[in-house]
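Structure first, commentary second.
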Amino acid sequence: MTADLATSTRTVRDGGDELLTDARLAAAFRADPERFTAVYDRYFRDIYLYAAGRLDTQAGEDIAAETFCTAFASRDRFDPERGALRPWLYGIATNLIARHRRREARHYKALARGGGAVEPAEGGHENGVLSAVAARRMRPELARALRSLNQGERDVLMLVALAQLGHDEIAEALGISYGTVGSRLSRARAKLNKTLAKEDFHG
C-alpha cells in the first residue's frame with residue numbers, strides 16, 4: 001500500500017460525523033490542538049488492547065495514555081505523506097513497550113504458569129485483550145514460546161496478532177523495510193512452531 005493510498009483510506013470522524021482523512025485531520029489538529037481528541041477517540045481502545053495484551057491491563061492503560069501524550073506533543077511532526085495515523089501510534093506504543101521488556105517477560109511467565117489470561121480487578125469486558133492470539137485464553141505453551149522470541153520478532157508478531165496490522169503498516173510503525181517485516185515474522189513463526197512442537201511432544 002502506498003502512502004497516498006494509506007492516507008486516503010485511513011479516516012476518523014470529527015464532532016460533526018464528517019469522515020476526515022489523516023491529511024485533513026492532521027491539518028485540523030495543527031490549526032486547533034483540541035481537534036486531536038478525534039485521534040484519541042478513534043484509536044485509544046486499540047492501542048490500549050495492544051499494550052495490555054503485551055504487558056497487563058494496568059500497564060496497558062499507562063502505555064496507551066503515554067502514547068497519546070507523546071503523539072500530541074509531537075503532532076506537528078506527523079506527516080500524512082509518509083504514512084497513516086494508525087501505524088504511527090502503534091510505533092509509539094511499541095517503543096514505549098520496549099522499555100518494559102522485563103515486565104513483558106513476567107507477564108508471559110505468569111500466563112504460562114497460570115494457564116490463562118490475567119484477570120483484571122475491574123472492567124472485565126474491556127480486558128479480553130488476548131483474543132487475537134489465544135481466543136481469550138492463552139495456552140501456557142504459547143506464552144512460553146513467546147518468551148523465546150527476540151524483541152524485534154515479538155514486536156512484529158504482536159503487531160500482526162494483537163493489532164492486526166498489515167506488513168506495510170508494521171514497516172511504517174517500526175521504521176523498517178517491508179522485507180524485514182516478512183523475515184522477522186517468518187523467524188518468529190518458525191520459532192513458535194518449533195517450541196510448540198516440543199511442548200506437544202513432551203506433553
Side-chain angles (χ1 to χ4, degrees), residues 1 3 6 43 46-64 66-67 70-71 82-118 127-202:
M1 181 185 292
Y43 293 112
D46 291 342
I47 297 298
Y48 162 70
L49 292 175
Y50 168 65
R54 292 193 61 170
L55 299 172
D56 56 50
T57 55
Q58 181 57 56
E61 292 178 3
D62 295 341
I63 292 291
E66 191 174 353
T67 294
T70 301
R82 297 177 59 187
L85 280 166
R86 191 166 87 123
W88 181 59
L89 293 168
Y90 276 111
I92 293 171
T94 300
N95 287 336
L96 294 172
I97 288 168
R99 301 177 187 175
H100 299 270
R101 289 187 181 93
R102 291 181 181 177
R103 185 167 189 165
E104 185 175 22
R106 289 196 302 269
H107 179 56
Y108 295 137
K109 186 175 181 179
L111 291 170
R113 185 172 57 245
V118 177
N127 293 313
V129 295
L130 296 173
S131 58
V133 176
R136 295 196 60 178
R137 288 287 179 180
M138 180 178 282
R139 292 164 57 197
E141 55 269 30
L142 178 55
R144 284 191 288 271
L146 287 171
R147 293 172 61 200
S148 73
L149 304 180
N150 66 38
Q151 190 69 35
E153 293 162 350
R154 190 181 301 122
D155 286 344
V156 169
L157 183 69
M158 289 308 197
L159 284 168
V160 170
L162 290 175
Q164 298 182 10
L165 298 189
H167 283 44
D168 52 342
E169 292 179 302
I170 295 171
E172 288 179 29
L174 301 181
I176 59 179
S177 71
Y178 187 98
T180 299
V181 173
S183 62
R184 287 184 185 179
L185 186 59
S186 179
R187 288 197 305 271
R189 286 173 170 163
K191 287 183 180 180
L192 288 181
N193 288 336
K194 183 177 180 180
T195 303
L196 292 174
K198 286 182 179 178
E199 293 279 354
D200 290 342
F201 178 77
H202 291 293

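Because only heavy atoms are used, hydrogens play no part in the values below, and waters and symmetry mates are left out as well, while side chains stay in.
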Calculate, to the nearest 0.5 Å, the distance between atoms [atom1] and [atom2] belonging to [X] and [Y] respectively.
X	Y	atom1	atom2	result
Arg54	Leu146	CZ	CG	9.5 Å
Thr67	Asp62	OG1	CG	10.5 Å
Arg154	Arg101	CZ	CZ	9.0 Å
Glu61	Leu55	CD	CG	12.0 Å
Leu89	Asp46	CG	CG	9.5 Å
Ile97	Met158	CD1	CE	9.5 Å

Shortest non-hydrogen contact from [X] toward [Y]:
X	Y	answer
Thr57	Ala52	CA-CB, 4.0 Å
Ile47	Ala93	CG2-CB, 4.0 Å
Ile170	Val156	CD1-O, 3.9 Å

request  = Quickly, which of Arg184, Arg189, Arg147, Lys191 forms a salt bridge (charged side-chain N to carboxylate O under 4.0 Å, His left out) with Glu153? Name it, please.
outcome  =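 That would be Lys191.
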
ask   = Are side-chain heavy atoms of Leu185 and Leu157 found at a separation under 4.5 Å?
value = yes

query = Which is it for Asp56 and Arg103 under the salt bridge (Lys or Arg N to Asp or Glu O under 4.0 Å) test, yes or no, and what are the steps along the way?
reply = CA-CA 9 Å; Asp56 56 50; Arg103 185 167 189 165; 3.0 Å; yes

ask   = Quick one: do the Arg86 and Tyr90 side chains pair a donor with an acceptor below 3.5 Å?
value = no

